[in-house]
Amino acid sequence: MSKVLVGIIMGSDSDLPVMRDAIEMCEQFGVECEVDIVSAHRTPQKLVEYAKSAEKRGLKVIIAGAGGAAHLPGMVASMTPLPVIGVPVKTKSLDGLDSLLSIVQMPGGVPVATVAINGAKNAGILACQIVGSSDKKLRDRISSYKNSMQEEVEKKSKKLGELKYKSYLEQM
Ligand code: RP5
């Protein structure tokens, strides 16, 4: 059994449809992750236990997603030396701007690497990149992912050149 290196937590199960992108990226790069619901406001004790035990349990990075008054990533970051990536989850009332501002405006000394609203995919990639800084094979897998994106865009660019924009749009 491989070691769990990335902890993915979220404030509510309602965040899971967004956070699944982070889980899927870890799976794609072969990085073992654990997934749990930890709420800064509804389960504060669990939050403390999770953050304080993360390093000892062997995690290397934590991804924390939350919406609204999104205190989870910052609170976790305040209690662990591990890097924390915050995912602002889009909300119904304020479109996730509330989540973004709650997560991104950390005071000096307690960083949270904040991705875009609903940017769980990038959070997953970034977590793998952090783990990959000491794992050449993982870095190679990330490089081939980047190369495949480049090839994809080059194909589209060639096709656009051939078809011209109207025909390209018609076949989209
Ligand atoms: C936050 O409150 C969660 O991260 C979630 O995004 C939001 C709403 O939670 P639910 O009311 O859907 O459980 O703590």
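Starting from 1, each residue takes its place in the sequence as its number. For ligands, and for the atoms within them, numbers begin at 1 and follow the listed sequence. Side-chain atoms are counted along with the backbone in the values below, which use heavy atoms only and exclude waters and symmetry mates.
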NZ/NE/NH1/NH2 to OD/OE distance under 4.0 Å, [X] and [Y]:
| X | Y | answer |
| --- | --- | --- |
| Glu151 | Lys155 | no |
| Asp140 | Lys136 | yes |
| Glu34 | Arg57 | yes |
| Lys166 | Glu170 | no |

Exercise. If you round to the nearest 0.5 Å, how far is OG of Ser167 from NZ of Lys159?
Worked result: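 Answer rounded to 0.5 Å: 11.0 Å.
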
Exercise. Got a second to check how far Lys146's NZ is from Ile125's CD1, nearest 0.5 Å?
Worked result: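 Nearest 0.5 Å value for the NZ-CD1 distance: 7.0 Å.
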
Exercise. Listing by chain and number, which residues have a heavy atom under 4.0 Å from ligand 1?
Worked result: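 Near ligand 1, by chain and number: Gly11, Ser12, Ser14, Asp15, Arg42, Ala66, Gly67.
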
